[in-house]
Amino acid sequence: MANLGKSSAAYAKIHHLDEGYSRILIQGILKSNGMGRGVSDMIDSDVFDFIERCRKHTATAPLLNDLLETVRNLGFEHLILSGVPLGGQKLAPMVELNGWPQGWFERYVEAEHAAIDGVCIYSAKTLKPFLWADVPTKWSDTEGSRRVAGEATEFGISSGFAVPMLSVHHWQSVLSFASSAKRCSLSPRQQVQLVTMAVYAGMSIQALSTVDEDDSPLTEREREVLLWAAAGKTSSETSQILGLTERTVKWHSTKAREAFGVATTTQAVVEAVRRRLIHP
């Protein structure tokens, strides 16, 4: 029960931050499709039921199963919620809900498809929900992106709808719904339903993963090293400030990068600041 209380409190905090973002996304879809006031009563009750259940889930597995079951009504069999990899980041540590076929997830990660997948690349460049088929050809029509799309069909994934969103833990996140249908056809109403559920699922995940400082992925020393790096200090300068060898400072920097799954210390600093683990 203590965990439930902590999760509920975290949800309430994140809800205040993201409620306005959710409203902006939905209004944008309605405006672009010529729909206005009064559309809220068009959203099916099962969407609101899902939102209510989001507040009660205390683990990611039930949340994933609940969302999968709900979106099957719209023709989606698979989904994934993940941070969007940037600058050499690895996808696997950034995944928060994994409803992909296991074989496809393993291949996607092993082959580092995120670096060439047009859907993933475009998810880092927009906050507007989009059909996979609508990814600009600049990113969707490359040899690599076409190869990823072709391989996905081997696992029953042919089309989809992506909802990029802001994230406390990553530079940006995306919840991508996948279908075996050759072409994903969604009405404006259905897009609103998916965006609504995606945003609330994302808020629930953030609430579940909100940690106290004592549960930080970084040690106190790693936070200190990143704090001085954020202040522009070199490893040599940091070693003198902290009374450590330069080799030890570099080791702590490496451990911090590994904790966040990033390639550079600068990226680790950004992640630590975003997660409010350090305050430069």
Side-chain angles (χ1 to χ4, degrees), residues 14 17-18 21-22 24-26 28-29 50 54 60 63-64 67-68 70-71 74 76-101 104-105 107-109 111-136 138-140 142 144-145 148-149 152 155 157-179 184 186 190-209 260-262 267 270-271 274-275:
I14 294 172
L17 291 173
D18 286 359
Y21 168 66
S22 176
I24 290 170
L25 275 177
I26 294 170
I29 293 175
F50 170 76
C54 275
T60 58
L63 176 60
L64 171 62
L67 183 55
L68 276 171
T70 304
V71 299
L74 295 177
F76 296 99
E77 303 99 342
H78 308 289
L79 65 86
I80 189 167
L81 171 61
S82 172
V84 181
L86 295 172
Q89 288 180 305
K90 302 297 183 181
L91 175 68
M94 306 177 76
V95 175
E96 295 173 309
L97 287 178
N98 186 2
W100 269 1
W104 175 233
F105 178 73
R107 181 187 296 188
Y108 194 97
V109 169
E112 298 186 349
H113 279 339
I116 58 174
D117 178 10
V119 172
C120 186
I121 294 171
Y122 190 53
S123 295
K125 301 179 181 297
T126 183
L127 278 173
K128 183 178 179 180
F130 61 90
L131 293 166
W132 292 3
D134 292 338
V135 173
K138 177 180 180 180
W139 297 292
S140 66
T142 65
S145 186
V148 172
F155 297 87
I157 294 177
S158 299
S159 62
F161 182 73
V163 184
M165 54 188 129
L166 302 176
S167 171
V168 171
H169 300 131
H170 310 292
W171 186 255
Q172 189 155 302
S173 292
V174 62
L175 203 165
S176 200
F177 300 97
S179 172
C184 184
L186 295 170
Q190 291 170 329
Q191 291 188 32
V192 169
Q193 291 175 328
L194 286 170
V195 170
T196 303
M197 290 187 289
V199 171
Y200 275 88
M203 288 193 292
S204 296
I205 287 294
Q206 291 186 26
L208 289 171
S209 59
F260 292 134
V262 297
Q267 290 171 334
V270 170
E271 284 297 315
R274 285 175 57 78
R275 300 190 192 193

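The residues of the chain are indexed from 1 along the displayed sequence. Everything numeric here is computed off the predicted structure, so don't read it as measured data.
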Below 4.5 Å, heavy atoms only, C-beta onward: do [X] and [Y] meet side chain to side chain?
X: Leu91; Y: Ser82; result: yes
X: Cys54; Y: Met203; result: no
X: Leu97; Y: Thr60; result: yes
X: Val95; Y: Leu81; result: no
X: Ser145; Y: Trp139; result: no
X: Val174; Y: Val163; result: no
X: Phe130; Y: Pro164; result: yes
X: Pro85; Y: Cys120; result: yes

Sequence neighbours excluded, which residues qualify as ring-ring contact (aromatic ring centres under 6.0 Å, His included) partners of [X]?
X: Phe50; answer: none
X: Phe177; answer: Phe76
X: Tyr108; answer: Trp100, Trp104, His113

Supply the atom-to-atom distance [X] [atom1] to [Y] [atom2], rounded to the nearest 0.5 angstrom.
X: Met197; Y: Leu74; atom1: CE; atom2: CG; value: 5.5 Å
X: His78; Y: Asn98; atom1: NE2; atom2: CG; value: 11.0 Å
X: Leu64; Y: Glu96; atom1: CG; atom2: CD; value: 12.0 Å

Where is the tightest heavy-atom contact between [X] and [Y], given as atom of each residue plus distance?
X: Ala201; Y: Leu63; value: O-CD2, 4.0 Å
X: Ile157; Y: Pro101; value: CD1-CD, 3.8 Å
X: Glu271; Y: Val262; value: CG-CG1, 4.3 Å
X: Pro129; Y: Val195; value: CG-CG2, 3.5 Å
X: Val109; Y: Ala92; value: CG1-CB, 4.1 Å

Donor-acceptor check, side chain of Gln172 to backbone of Ser123, threshold 3.5 angstrom: yes or no? yes
Starting from the C-alpha separation in whole Å, work towards a yes-or-no answer on side-chain contact (heavy atoms from CB on, under 4.5 Å) for Val270 and Gln267. CA-CA 5 Å; Val270 170; Gln267 290 171 334; 5.5 Å; no
Take Ile121 and Lys125, measure what side-chain contact (heavy atoms from CB on, under 4.5 Å) needs, and give me the verdict at the end. CA-CA 7 Å; Ile121 294 171; Lys125 301 179 181 297; 3.7 Å; yes
Under the side-chain contact (heavy atoms from CB on, under 4.5 Å) rule, what do Gln191 and Phe161 come out as? Steps first, then yes or no, please. CA-CA 8 Å; Gln191 291 188 32; Phe161 182 73; 3.8 Å; yes
Using the rule given for side-chain contact (heavy atoms from CB on, under 4.5 Å), can you reason through Leu175 versus Leu67, listing the C-alpha separation, both sets of side-chain angles and the distance that settles it, and then say yes or no? CA-CA 11 Å; Leu175 203 165; Leu67 183 55; 3.9 Å; yes
With Ser176 via side chain to side chain donor-acceptor pair (under 3.5 Å) - residues at least two apart: Trp132
Sequence neighbours excluded, the answer for salt bridge (charged side-chain N to carboxylate O under 4.0 Å, His left out) partners of Lys90 is Glu112
For residues 190-206, which residue pairs pass the salt bridge (Lys or Arg N to Asp or Glu O under 4.0 Å) check, not counting sequence neighbours? none
